[in-house]
Number of protein chains: 2
Amino acid sequence: MTATATAQRAYNFSAGPAVLPVSVLEEVRDELVCLPGARSSLLEMSHRDKTFVDILHDAENSLRSLLNISDDYAVLFLQGGAALQFSMIPANLLRDSGKSAAYIQTGTWGKKAIAEAKKEGPVEVVYDASASNFNHVPGPQDYSVADDAAYLYYCNNETIQGVQFPTEPECPSGVPLVCDASSDFLYRPVDINKYGLLYACAQKNAGPAGVTVVVIRRDLIDRGSVSLPGYLNYKNHADADSEWNTPPTFAIWVLGKVAKWLQNDIGGLAAMETLNRKKASLLYDAIDQSGGYYTGHAKPECRSLMNATFTLPNDDLQSAFLAQAAERDLVNLKGHRSVGGIRASIYNAMPIEGVQSLASFMTDFASKNA
Amino acid sequence: MTATATAQRAYNFSAGPAVLPVSVLEEVRDELVCLPGARSSLLEMSHRDKTFVDILHDAENSLRSLLNISDDYAVLFLQGGAALQFSMIPANLLRDSGKSAAYIQTGTWGKKAIAEAKKEGPVEVVYDASASNFNHVPGPQDYSVADDAAYLYYCNNETIQGVQFPTEPECPSGVPLVCDASSDFLYRPVDINKYGLLYACAQKNAGPAGVTVVVIRRDLIDRGSVSLPGYLNYKNHADADSEWNTPPTFAIWVLGKVAKWLQNDIGGLAAMETLNRKKASLLYDAIDQSGGYYTGHAKPECRSLMNATFTLPNDDLQSAFLAQAAERDLVNLKGHRSVGGIRASIYNAMPIEGVQSLASFMTDFASKNA
């Protein structure tokens, strides 16, 4: 069964939920019916059981260690995905603050976040890349943020468009920087101290769907009003160590295993970044060396290391590309309808062999169909 | 591995997350690394992938078939647990309605729901069983509900106290009946047409933590204001078939398997009820025939078929009971601190053999320690 199941797997370029390390999946499988040392499956275990509480703390500590997160920050495991964070952030940090929140809009997810924030208070969109169909991110000279802004919000990697900030945007000191890191969490070392709040739903780079990690500086935790719906108040979750209500235990368990894989099998986030740069180069080189056969969507200086987006000369060729790729075990490459073309998501867990195979197919396909 | 893992399992009386059918766990294990017919694990699959969309619809259809839910109702799969429903219900159905919502308080979960509802609008607690430490539920003569109430809310089974409504509370026609069925969802056939909204987090009777089922009559879906946080508006989820954002795919997959187990292995909810009554009788008979050695918390007429709560003559005996039970593979029997004593949760998936073993141990223990 094991060998067969693994052999049936293709290289899966899905944008999310997305590829996970095979070793993690095999461990989950082996421990599924009865957690070693416990008397039941993890799925059947009270979240108050010491075994699960240890798993939760272990996952938190692995994240703290990978990202070097100090005790100035709380690490929360929540439900509701990025979509609920779009509301929780302004509900806690903007509503009734008397301030305005600054948003940088570089793609679909930033746009959705802005729509939710406007329900909670005044929003200033300090940079909007929509006129160029979100093919770039701004430099520091392109926008300015008021010194008294409630916070500056941005999305580090726009999954649909495949644009990524090469470094954090500049932000006045005293203004909390808030980052949606959903699709590039843990892809490289990050200086958490630059952020007021950084969050990521797990299902792209860190685990299965159903859990969202929120790293929040402790001075920001208490800003939500007691009149907020209880689930939406960060303080409730922080005070209860992510057990204000039953957390998504399975997703946290798997996320902890992915974090351990990053530490032990990959060797930490610096090693992960090296590997991610190597993987992304394979694809962008195939685009750049195709003599214009493939057209990248993102401007070269802000190409995403996670999601490579590009188009072919026409729709027929795109269909042929997808069909022939699938025959080579390269699947889920179709781009999002708002950008079209091809999107290859090459998250942390995508093996370099998969990217090599895709790059080589791209070169073959272009030479045969040019 | 299989035989060993299963052999290590004990009879797990956890109140939640709680016991699941072994056959479901084994199926999840076998399909974990690569979903048969797919090219990846379910955990790695886009929620827009047809394979997952079919799984979602399948889970919905199994619930519709088990509970005979007509198309007058939507079935939603949400995140955030019962705790988020405590807020979503009044945010959608009470806020700005100009009405007052009626709540029946028969235990800890009803109390928490009331605290959240008060943030959204006027609440009338039409019955409060707290003075008797929540040991009973009211009869129809014990409370009255205004004809123009926004809704009547109650919790069908209070997990901590072990009290359960033997039938739905009476409710004026025209007032939507709203039910927290988290801890006894699917335990017997229910006439959904009596309800405006019935919801259940999965982790007690229907699956793993991380997904909450909301069955909502379609005329109630549109009541939420567009100014609500998007995730909190039922309309967004209903319009998008539970894919307004990425749903908790794994939890939905497992919940679907549990629903199929109820249909195919158990034979539907009428058969499940027969079995549940048989299991509960074993425990309550052991209490009633102990000559007062065991004292049940709930009044006999509203004893829960899901959570049997009782005390022993003193704390030392309770500790000895728990220790000796564990030696017989009967685990997680400690009661909640607010009630004390013993709580045996005997949800749908608890095999009758486990309950027989516990009942026989109770009788032995009482005779040796009386």
**Message:** Is B:L232 close to chain A through its backbone or its side chain, or both, or neither, when contacts mean heavy atoms under 4.5 Å?
**Reply:** side chain

**Fill in**
One option among B:G210, B:A10, B:A209 has the most heavy-atom pairs under 4.5 Å with chain A, and it is B:A10

**Prompt:** Minimum heavy-atom separation for A:N245 to B:A83, with atom names?
**Reply:** ND2-CB, 3.4 Å

**Prompt:** Can you tell me if A:R39 uses its side chain to pair, donor with acceptor, with the backbone of B:Y11 under 3.5 Å?
**Reply:** no

**Message:** Pair A:L43, B:F250 - check side chain to side chain contact (heavy atoms under 4.5 Å, CB included), show working.
**Reply:** CA-CA 11 Å; A:L43 300 179; B:F250 175 81; 3.7 Å; yes

**Request:** Quick one: do B:V33 and A:V28 satisfy side chain to side chain contact (heavy atoms under 4.5 Å, CB included)? Show the steps, please.
**Result:** CA-CA 9 Å; B:V33 172; A:V28 171; over 6 Å; no

**Message:** Would A:L84 and B:Q79 count as a side chain to side chain contact (heavy atoms under 4.5 Å, CB included) here? Give the steps.
**Reply:** CA-CA 10 Å; A:L84 189 56; B:Q79 295 185 63; over 6 Å; no

**Message:** For a quick test of reading the model, state the closest non-hydrogen atom pair linking B:P229 to A:E120 and the distance between them.
**Reply:** CG-OE2, 3.9 Å

**Message:** For A:S14, which atoms come within 4.5 Å of any heavy atom of chain B: side chain, backbone, both, or neither?
**Reply:** side chain

**Message:** Give me the atom names and distance for the closest heavy-atom approach of A:L32 to B:L25.
**Reply:** CD1-O, 3.4 Å

**Prompt:** More than 12 foreign heavy atoms under 6.0 Å from CH2 of A:W109: is that the case here?
**Reply:** no

**Request:** Flag the one option from A:L42, A:L228, A:L35 with the top tally of heavy-atom pairs under 4.5 Å to chain B.
**Result:** A:L228

**Fill in**
When the 4.5 angstrom heavy-atom criterion is applied to B:A251 and chain A, the contacting part is neither

**Any B:H47 side-chain heavy atom under 4.5 Å of A:P17 side chain** = yes

**Asked** When rounded to the nearest 0.5 angstrom, what is the spacing between CG in B:N12 and OG in A:S41?
**Response** 9.5 Å

**Message:** Report which part of B:S46 has an atom under 4.5 Å of a heavy atom belonging to chain A: side chain, backbone, both, or neither.
**Reply:** both

**Check: A:E116 side chain, B:G230 main-chain N or O, donor-acceptor pair, under 3.5 Å** = yes

**Item:** Heavy-atom proximity to chain A below 4.5 Å, by part of B:P247
**Value:** backbone

**Request:** Compare all side-chain heavy atoms of B:R9 with those of A:E44 and state whether any distance is below 4.5 angstrom.
**Result:** yes

**Request:** Could you have a look at B:S87, B:A349, B:P208 and say which one has the most heavy-atom pairs with chain A under 4.5 angstrom?
**Result:** B:S87

**Prompt:** Measuring from B:K119:NZ to A:S225:OG, what's the distance to the nearest 0.5 Å?
**Reply:** 8.0 Å

**Toward chain A, the part of B:V24 with a non-hydrogen atom under 4.5 Å** = neither

